[in-house]
Participant: 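I am attaching a structure below and will ask some questions about it afterwards.
A, B, ... follow the sequence lines: proteins, then strands. Residue 1 opens every chain.
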Amino acid sequence: MGVAGKAVPQTAVRGPSWDGRFTVLILFLPPALLLFTLFVVLPIGEAAWYSGFNWNGFGRPTNWIGFDNYRFVLETRAFWLALRNNGLIIAVSLAIQLPLALTLALMLAERFRGAVALRMLFFMPYILAEIATGLIFSFVYDGDYGLVASIWRTFGAEPPHLLASTDTAMLAVLIVIVWKYFGFHMMLFIAALQSLDKSLIEAARIDGATRSQALRHVVIPLLYPTIRLSVFFAIIGSLQLFDLVMPLTRGGPADSSNTMVSFLYNNGISRMRVGYGSAIGVILFVICVTFAFTYKRWFMRDE
Amino acid sequence: MRLLTKLGLAAVACLLGANVAAADTTVKWLHIEVNPAQVKIWEEVARSYEASHPGVKVEMQFLENEAYKAKLPTILQSKDRPNIIYSWAGGVLKAQIEAGVLDDITDQVKGYSDSITPAALAAFTSNGHVYGLPIALSQVGFVCNKELMAKAKVDPAAIKTWDDLLAAVKTLKAAGVTPIVVGGADKWPLHFYWTHLAVRVGGKAAFEAALRGENGGFAGETFQRSGELFKQLVDLQPFQNGFLGFKNPQAVGYFGDGKAAMTLAISSIYNLQRALAADKVGLSEDKICWFDFPVVPGGKGAPTDTLGGITGWLITKDSPKEAVDFLKYFISKDVQTRLAAGNYIIPVVQGADAGLNNAFMKLIAANLTKSNYHQNFYDQSLGPSVGRVVNDVSAEIAGGSMSPQDAAKAIEAARKQGN
C-alpha cells in the first residue's frame with residue numbers, strides 16, 4: 001500500500017487557492033464549530049464532569065468523589081454482563097445477520113417477478129418502530145398466550161416463558177434483533193449489487209469462471225466497500241441498542257439481557273444516580289469513539 | 001368604518017380584560033392516577049373548587065408512573081414546575097427537601113392538620129416542618145381466592161406463621177392449583193416478600209438501626225434471615241410459570257381471572273383485579289379472602305405491624321397560596337368520604353372511613369388503626385438508589401441467581417454508596 005500514493009499525479013487536480021479556502025473557512029467554520037460545541041462537546045463534557053460526583057440530580061452537584069463512580073461501575077457484575085451482551089449482539093450481527101442479508105440480497109438483486117415485493121417484505125421489520133417491535137414480540141414470546149407457546153403445544157410440550165428465564169431471555173432478544181435489522185443490510189447490499197459494473201462479471205464468465213467463482217472472486221470483492229459500511233453500522237448499532245430491550249425484558253431477569261444503554265438507564269435514570277449513570281455514559285462513549293476511529297483508520301481509509 | 005374599528009377595539013379590550021379577571025391564579029396539579037373513575041371524581045372536585053373560588057383555575061396534568069419518577073428531578077428544577085405533585089414520601093421526599101425544591105407549608109395547615117391520621121401526616125413531616133399532605137394509606141397482605149383455597153382444602157384463616165404458609169403452598173401444589181401469582185418483571189411485587197419478612201423478623205428497631213449503619217446495616221442478621229426465609233418459599237416453586245416475565249398488571253389480571261390461589265399485594269388490588277381481569281369482572285367480593293402476612297418464629301416485630309404505602313401531595317417551591325388552599329379542600333372529610341365510598345382509598349382524614357362500604361376495605365382500615373408501626377415500602381422509604389437495589393435482589397433471590405447473604409450485602413453496599 002505504501003507505493004500507492006505515487007501512482008496518482010498530485011498536480012493533475014488543482015485545488016482552490018489559499019485565499020479562496022480561507023474565505024470558505026471564515027464563512028463556514030464558525031457556525032459549524034458553534035453547533036458542534038453546543039450540541040456535542042458541551043454535553044459530553046458535562047457528562048464527564050458529572051461522573052465525578054455522587055449526585056442524585058437535584059440542585060447542583062457538590063459531593064465530589066473523583067473516579068469512584070468508575071470504580072463502582074467496573075465492580076458491578078451487571079455492567080460486565082451488559083458488556084458481554086453487547087459483544088454477543090455484535091457477534092450475532094456479524095456472523096448471522098450480515099451473511100443472511102448478503103445471501104438474500106444476491107437472490108433478490110436480480111430482476112424477476114415478485115422480487116420487489118419480496119424485498120419490501122424483508123425490509124418491513126426495519127420500518128417498524130423499535131418499541132412496537134418489542135411489544136409485538138413480548139406477545140409472541142408469551143408462554144401462556146403467545147405464538148411460540150401455541151407452536152410448542154402442537155408438539156404436546158409445556159411451553160417455556162422465554163423472556164422470563166436467565167438462560168433464554170438474551171437468546172430471544174437476539175432473534176428479534178436479527179429479524180428486525182437484516183432487511184436494512186439487505187437493502188444496502190441490493191443497492192450496491194445493482195450499481196456494479198455488469199461487464200466485469202460478464203468478462204469473468206467469458207473467461208470461463210463458474211457462477212460461484214464469479215461470485216467469490218468478482219462480485220463479493222466489489223461489494224467490500226458496502227460490506228465494510230454494513231459492518232460499521234451493525235457494530236455501532238449493536239453498541240447503542242436500547243429501545244428493543246426495554247419493552248421485551250427491561251434488561252432482566254437478573255440483568256441477563258441488559259445492554260450497556262439499558263444498564264445506563266436502569267441505574268442512572270431510574271435510580272437517580274446521575275453521577276454513576278454519567279460514568280457509564282462516558283465509558284460507552286469512549287468505547288464507541290475508539291471503535292469508530294480505529295475502524296475508519298484500518299478498514300475504511302479509502303472511502 | 002371608524003365606528004366598526006372602535007367597536008372591534010372595544011371588543012378586544014373586553015376580551016383581554018375578561019381573561020385577566022378569569023385567571024388570576026392557576027394551580028397546576030400533576031398526578032399519576034390511571035383509574036378513570038377516580039380521576040373523574042378529582043376533576044369534579046377541582047371544578048367545584050373553582051366554582052366557589054372565583055379567579056382560581058385548577059389545571060390537571062398527567063404523567064405515567066415510571067415516566068413521572070424519571071422526570072421529576074428535572075421538572076422540579078424548571079421554572080414552569082407544577083404546584084402540586086404526587087409523592088410516596090420516604091427517601092425521595094427527603095432528597096427533595098434537602099434540594100430546597102419544596103414549600104414549607106407548616107403554618108398554612110396549622111389546626112387543619114389535626115384532622116389527619118398522625119402516622120400519615122408524619123410521613124410528610126421532616127424536623128417538625130410539613131411539606132405536603134397525605135391522601136391515602138394501604139396495606140400489603142395476602143389476598144386469596146376462596147374457591148381455589150377451598151378446592152385444596154386450605155383454610156386461609158389458619159395461616160398464621162411462615163411455616164403455615166409454606167405448608168399451604170405445598171398443599172395447593174399437590175391439589176394442582178398455582179399457589180401464588182406475582183409480577184416478577186416489575187421486581188417491586190417481589191420485594192414485598194423480602195421487606196415484609198424483615199418487618200416481621202426485626203421490627204421497627206432493626207430497620208432504624210440499619211439506617212444508621214448499626215449491627216452491620218442491611219448486611220446484618222435480620223436482613224440475611226429475611227432472605228433465607230424468602231428462599232425457603234422460593235425453593236417450593238410457589239409462583240406461576242414464567243413469573244419473572246410477568247409485569248404487575250398482568251399478574252393482577254391473572255389473579256382476577258381466578259388462575260392462582262393467592263397473591264401478596266397492596267390492598268388497592270381489590271379494585272384493580274376487576275379492571276385488569278380478562279372479563280373486566282374479576283373476582284366478586286364474596287370470592288376474595290385476605291390474611292395478614294404470617295409471623296416468623298422468634299421474630300421481633302409485632303403481628304399487628306403493617307407494611308404498606310403512604311401517598312400524598314407535595315407543594316413545590318414558590319407556589320401560590322391557593323395551591324395549599326386547594327389541597328386542604330381536596331383532602332377534606334367530604335372528598336375523602338366520597339373516595340372511600342368508591343373503595344378507591346383508605347382515607348387519612350379522621351372519620352372519613354365511615355364512607356367505606358365493604359367488608360374488605362373496612363378490614364384493612366381496621367388493621368391500619370391497630371398497627372403501631374406502619375412501614376412505608378422499602379423501595380420508597382430508602383430512596384431510589386437503595387430502594388431499587390432491594391427490588392433487584394428480591395427478584396434475584398426469587399430467580400435463584402443470588403444467595404440471601406449476597407443480597408443483604410448488596411443492599412448495604414448501595415446504602416454506603418447512596419445519597
Side-chain angles (χ1 to χ4, degrees), chain A residues 53-63 65 68-69 71-73 75-78 81 138-139 141-146 149 158-169 172 246-258 265-277, chain B residues 66-67 69-77 91-92 94-102 184-187 190 239-247 250 254 257 259 278 379 382-389 391-402 406 410 413-414 416-419:
Chain A
F53 290 94
N54 186 1
W55 182 41
N56 63 7
F58 283 113
R60 300 298 307 165
T62 48
N63 188 5
I65 53 169
D68 275 4
N69 277 325
R71 191 164 57 79
F72 293 149
V73 172
E75 277 173 0
T76 312
R77 187 186 65 105
L81 266 178
S138 68
F139 294 129
Y141 284 138
D142 189 289
D144 289 322
Y145 313 104
E158 179 69 15
H161 288 255
L162 293 173
L163 296 174
S165 156
T166 46
D167 301 326
T168 53
M246 290 314 272
L248 279 172
T249 63
R250 284 189 238 170
D255 295 310
S256 62
S257 62
N258 256 332
Y265 180 86
N266 288 334
N267 284 277
I269 309 290
S270 300
R271 290 182 193 170
M272 303 211 308
R273 297 178 70 189
V274 180
Y276 185 86
Chain B
E66 287 295 320
K69 289 180 199 161
K71 284 187 183 160
L72 200 53
T74 327
I75 291 175
L76 282 174
Q77 292 173 88
V92 180
K94 210 172 127 236
Q96 289 161 349
I97 294 172
E98 278 165 11
V101 291
L102 300 179
D186 281 342
K187 296 184 181 176
L190 282 166
F239 305 119
Q240 83 278 20
N241 276 335
F243 68 97
L244 285 174
F246 273 65
K247 299 185 172 83
Q250 254 178 301
Y254 195 93
D257 292 343
K259 288 182 173 171
D379 62 344
L382 292 173
S385 59
V386 185
R388 295 249 176 180
V389 177
N391 293 350
D392 281 356
V393 300
S394 302
E396 298 232 8
I397 295 175
S401 49
M402 198 182 238
D406 287 343
K416 282 186 180 153
Q417 281 176 28
N419 307 292

Participant: Quick check on Asn241(B) against chain A: is it the side chain, the backbone, both or neither that has a heavy atom closer than 4.5 Å?
Facilitator: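 The answer is both parts of Asn241(B).
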Participant: Working to the nearest 0.5 angstrom, can you tell me the gap between Lys259(B) NZ and Asp144(A) CG?
Facilitator: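 Answer rounded to 0.5 Å: 5.5 Å.
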Participant: So, for Met272(A) and Pro73(B), which heavy atoms are closest and what is the spacing to 0.1 Å?
Facilitator: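 Here Met272(A) and Pro73(B) meet closest at SD-CG, 3.3 Å.
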Participant: When heavy-atom pairs shorter than 4.5 Å are enumerated against chain A, which of Lys69(B), Lys71(B), Gln250(B), Gln77(B) gives the highest number?
Facilitator: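 Max contact count across the listed options: Gln77(B).
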Participant: Once you round to the nearest 0.5 Å, how far does CG of Asp142(A) lie from CZ of Phe246(B)?
Facilitator: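 Reported value, rounded in 0.5 Å steps: 6.5 Å.
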Participant: Side chain, backbone, both or neither: which part of Ser270(A) has a heavy atom under 4.5 Å from chain B?
Facilitator: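 Both the backbone and the side chain of Ser270(A) come within 4.5 Å of chain B.
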Participant: Under 4.5 Å from any heavy atom of chain B, what part of Asp68(A) do you find: side chain, backbone, both or neither?
Facilitator: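 Neither part, no heavy atoms under 4.5 Å.
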Participant: What's the spacing between Met402(B) CE and Arg77(A) CZ if we round to 0.5 Å?
Facilitator: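 Met402(B) CE to Arg77(A) CZ: 6.5 Å, rounded to 0.5 Å.
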Participant: Given that the side chain runs from C-beta out, which part of Asn266(A) has a heavy atom under 4.5 Å from chain B: side chain, backbone, both or neither?
Facilitator: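 Answer is neither: Asn266(A) stays 4.5 Å or more from chain B.
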Participant: Heavy-atom distance under 4.5 Å to chain B: side chain of Tyr265(A), backbone, both or neither?
Facilitator: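 For Tyr265(A), the side chain is the part near chain B, not the backbone.
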Participant: Are the side chains of His161(A) and Leu244(B) in contact, using a 4.5 Å heavy-atom criterion?
Facilitator: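 No, too far: nothing below the 4.5 Å cut-off.
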Participant: With a 4.5 Å cut-off on heavy-atom pairs, point out which of Gly100(B), Gly387(B), Pro384(B) contacts chain A the most.
Facilitator: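 Top count of heavy-atom pairs under 4.5 Å with chain A: Pro384(B).
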Participant: Of all the heavy-atom pairs spanning Gly242(B) and Ala164(A), show the shortest one and how long it is.
Facilitator: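 Closest heavy-atom pair between Gly242(B) and Ala164(A): O-CB, 3.5 Å.
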Participant: Examine whether an atom of Ala185(B) lies under 4.5 Å from a heavy atom of chain A, and if so say whether it belongs to the side chain, the backbone or both; otherwise answer neither.
Facilitator: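 Contact with chain A involves the backbone of Ala185(B) alone.
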Participant: Tell me, for Asp186(B) versus chain A, whether the close heavy atoms (under 4.5 Å) come from the side chain, the backbone, both or neither.
Facilitator: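 The answer is both parts of Asp186(B).
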Participant: Can you check whether Arg250(A) reaches Lys187(B) side chain to side chain, under 4.5 Å on heavy atoms?
Facilitator: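 Of all side-chain heavy-atom pairs linking Lys187(B) with Arg250(A), none is under 4.5 Å.
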